[in-house]
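The model shown is predicted, which means the values in this text are computed figures rather than measured ones.
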Amino acid sequence: MGPELEFEKPIREIKDKIAELKRFMDEKDIDLSGEVGKLEERLVALEKETYGKLSPWERVQIAREFTRPTTLDYIPLLFKDFLECHGDRLFGDDAAVVAGIAKFHGRPVTIIGEQRGRDTKENIRRNFGMPHPEGYRKALRMMKQANKFHRPIITFIDTKGAFPGKAAEERGQSEAIARNLYEMSGLGVPVISVVIGEGASGGALAIGVGNQILMLENSWYSVISPEGAAALLWKDAGQAEKAAETMKITGLDLKKLGIIDKLIPEVLGGAHHDPKKQSELIDTALSAALTELDKMNSAELQQQRRLKYRKIGDFDTIENQTQD
Amino acid sequence: MKKKKYATVPSKRSGQEVPEGIVMKCPKCKKIMYVKELKKHLYVCQSCGYHYPLGAFDRAAMIFDEDTFEEFDKDMISENPLQFPNYMNKLDKDRKKTGLNEAVLTGKGKIEGFSAAVAIMDKGFRMGSMGSVVGEKITRVIEYADRQHIPVIIFSASGGARMQEGMLSLMQMAKTSAALKVFGEHGGLYISVMTHPTTGGVSASFASLGDYNFAEPGALIGFAGRRIIEQTIGEELPKDFQTAEFLLEHGQLDQVIPRSKLKHVLANVLSIHAEGSAAGGSGTGI
Ligand SMILES: [Zn+2]
C-alpha cells in the first residue's frame, strides 16, 4: 500500500500488533481471538477517526503519495478502446500530458490528463508531470478535435504546475496556457475536469475550464503549491502546512467557496488503497455529470461554462462599506 | 480623470542621496535627472532609454487625448474571501499609496480621436496582482467594449495572481480569457500592451491574447519567475531572458514599442481597423 504517512503511524502500529498476535496464535496454538477482536475494533475506530477528519496538510500528503493512481492508471479502469494520440503538430510530444480517444460506457469521449511517472525513470521522462507549452498545445489540438466530432471531453488534473524552465518560456508557456483558457471557454461539447491529485496554478487550469469541476476528496487545487505560497507570503517554505489551511485548497474548502461542483469520495485511507474501487466512485460521478450536461445543446453548454466563470469573484463597492 | 496623480515616480533605490520628487537617479545608468524633465519625456531616461514603471493615471494621461478619459468602476474594492490575515490592511495601505482602489484602472477615452475602452494595471498596488476586483473590472471593460463595438486596450503590469484570494484569483484568468473569447467571436479588436512586469497569471491569460501583442522596451515578461527557473534547471539564465526583446525574438510579440511612439502606434492600429470592420474599431463617438 506504499509507505505510510506520519499521521498513519498509530494505524500501522495496531495492524502490526494484530499480525503479531495472529502469528503467535498459530505458532503456540493459544487462543487470543478475544484480544485480536478487541484490537481489530480499535483499528476500525482509529481508521475512521484518522481518515474522517484529515487536515488539509494530511490530504496534501495523500495527494502526493507516490502510489496514488494517475491518469494512466484510471484510463483502463474507466474507459474502453483507449487510443493515445501524441504530439502538438508544432514542436513535439510532451509526455507530461496524455491525450486520446476512448469509449465511456460505449460512448466516444476525448481524454486529456496530466501524467507524472510511476517510477523514477518514468518520472524523468514525463518531467514529473509538469507540462511544457507543447503539452498544452497537444491538449488544445485534441479539444478542438473533440469539438469537431461532438465528443465530450474529460480532463484529469494532476500537476505540480507548468514547468518552470528556460525552454518552456522560450516556446511561450504563457501564451499556451492563455490560449487554452480562451478556447476552452468556447467549446460546444461537455467538458468535465477531475482533479485527481495535485492541481497547481495555471498549469492545472490550462486543462480545467470545464462545465463541471470535480475533485477527489484528498486532492488539492490551488493558485500555487502550499510551499510556494508559504515562501511568497511568509518567506518560509517550511510553513507549507499553515499555507495548506489558509489558502483553502482542499475539495471541501473549494466546494464551500463555490469554485468546484462536486466532491468525489475516496476509499478509506485514500485512492491508492484501492484504485479499482476508486475508479468506480469516479465512474459514478462522471456518469452523473455527463447525464446532466447531456440535457444541454451546444450553445447552452457554452453559455453555462461562461457564466460559471463569469460569476467567480468577491468584491464590493466603497459605498457599501462602513468607513472607519 | 481629475483624480489624484502621482506626485513622484514610485521608484526607490537604496543609497539614493537626492530627495525624491525633485530629481531621480536612473536605476539602470545611474544618471541623475530632474523629475520635471523626466516627466516631459514620459518617464524614459534620456541617457540610456530605461522606461520607468508608470502609474495607471500617468499612463492614462499619456495615452488619451486631453479630457477624454472617463473612469469605470472606480469604487470597486476587494473583499477578503479567504479571511486572509492582514489582507485588508495591506489593501488599505496601497490605496493610500497609489490613489487607486485596486490594481487596475479601467475606462474609456479617445486616442488621436479614436474611441477605445481601456484597462491599465498599476504595479504600485499589491504588485499589480490580479484578484477578484482586477478580474471583474477587466471583464466588465471587455464587455463594455463588446456592447459599444469599440476596441479594447489592456496595459498589463503585474506580478501575477493575488495570493491572498487563493483560487478566486486563479479563476480570474479563466474569467477574463472567456470574456475576450466572446469579444473576439463578435469581431472585437483587442490590443495587449505588456509593460514592466507582466508575469504569472496575467501573462498566462489576457496579456498574451491580443490580436496585437506589444510591449515596452526592457519590460520583464514571462510565466515563471527567474529564480525559480534557475533553481529548477540549475544554470544561470542569459541576462536578457524574459525581456520584451527576448520575447520578440522568440515569436511572442508583434513589436516592442518605445513609450514615445506608443500612442501613435496604437492610433495607427485603431485607424487601420476603423477602415475595415465595423466591430473592430469605430472611430466615431462612444
Ligand atoms: Zn538611464
Quiz item: If you measure only the distance, is there a donor-acceptor pair under 3.5 Å linking the side chains of Gln242(B) and Glu169(A)?
Solution: yes
Contact part of [X] toward chain A, heavy-atom cut-off under 4.5 Å: side chain, backbone, both or neither?
| X | result |
| --- | --- |
| Leu237(B) | side chain |
| Glu143(B) | side chain |
| Phe241(B) | side chain |
| Leu180(B) | both |

Quiz item: Does Ser132(B) use its side chain to pair, donor to acceptor, with the backbone of Gly313(A) at less than 3.5 Å?
Solution: no
Quiz item: Are any side-chain N or O atoms of Glu79(B) and backbone N or O atoms of Asp316(A), one a donor and one an acceptor, separated by less than 3.5 Å?
Solution: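 Pair absent, no side-chain N/O of Glu79(B) close to backbone of Asp316(A).
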At a 4.5 Å cut-off on heavy atoms, which part of [X] comes close to chain B: side chain, backbone, both, or neither?
| X | result |
| --- | --- |
| Phe163(A) | side chain |
| Arg171(A) | backbone |
| Arg306(A) | side chain |

Quiz item: Are the side chains of Leu257(A) and Met167(B) in touch, meaning some heavy atoms are under 4.5 Å apart?
Solution: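 SC-SC contact between Leu257(A) and Met167(B) ruled out.
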Practice problem: Answer whether the closest heavy-atom distance between the side chains of Leu82(B) and Thr246(A) falls below 4.5 Å. | Solution: no
Quiz item: For chain B, which of Lys248(A), Glu175(A), Arg310(A) has the most heavy-atom pairs under 4.5 Å?
Solution: Arg310(A)
Exercise. Return the option, out of Asp314(A), Leu181(A), Val223(A), with the maximum number of heavy-atom pairs under 4.5 Å with chain B.
Key: Asp314(A)
Find the distance between [atom1] ([X]) and [atom2] ([Y]) and round it off to the nearest 0.5 Å.
| X | Y | atom1 | atom2 | result |
| --- | --- | --- | --- | --- |
| Lys181(B) | Met184(A) | NZ | CE | 12.5 Å |
| Ile312(A) | Gln172(B) | CD1 | CD | 7.5 Å |
| Phe246(B) | Glu170(A) | CZ | CD | 4.5 Å |
| Arg226(B) | Lys166(A) | CZ | NZ | 11.0 Å |
| Tyr309(A) | Thr139(B) | OH | OG1 | 13.5 Å |
| Met171(B) | Leu254(A) | CE | CG | 8.0 Å |

Grab the two heavy atoms, one from [X] and one from [Y], that are nearest each other, plus how far apart they are.
| X | Y | value |
| --- | --- | --- |
| Val209(A) | Ala174(B) | CG2-CB, 4.2 Å |
| Ile77(B) | Ile318(A) | CG2-CG1, 3.8 Å |
| Met163(B) | Met247(A) | O-CE, 3.3 Å |
| Leu170(B) | Ser201(A) | CD1-C, 3.6 Å |
| Ser174(A) | Phe223(B) | OG-CB, 3.3 Å |
| Ala204(B) | Ile177(A) | O-CG2, 3.8 Å |

Self-check item: Choice from Ile228(B), Val182(B), Asn80(B), Thr176(B) maximising heavy atom contacts with chain A below 4.5 Å
Solution: Val182(B)
Exercise. Name the member of Leu209(B), Val202(B), Ile221(B), Leu247(B) that forms the most heavy-atom pairs with chain A at distances under 4.5 Å.
Key: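 So the answer, after comparing Leu209(B), Val202(B), Ile221(B), Leu247(B), is Leu209(B).
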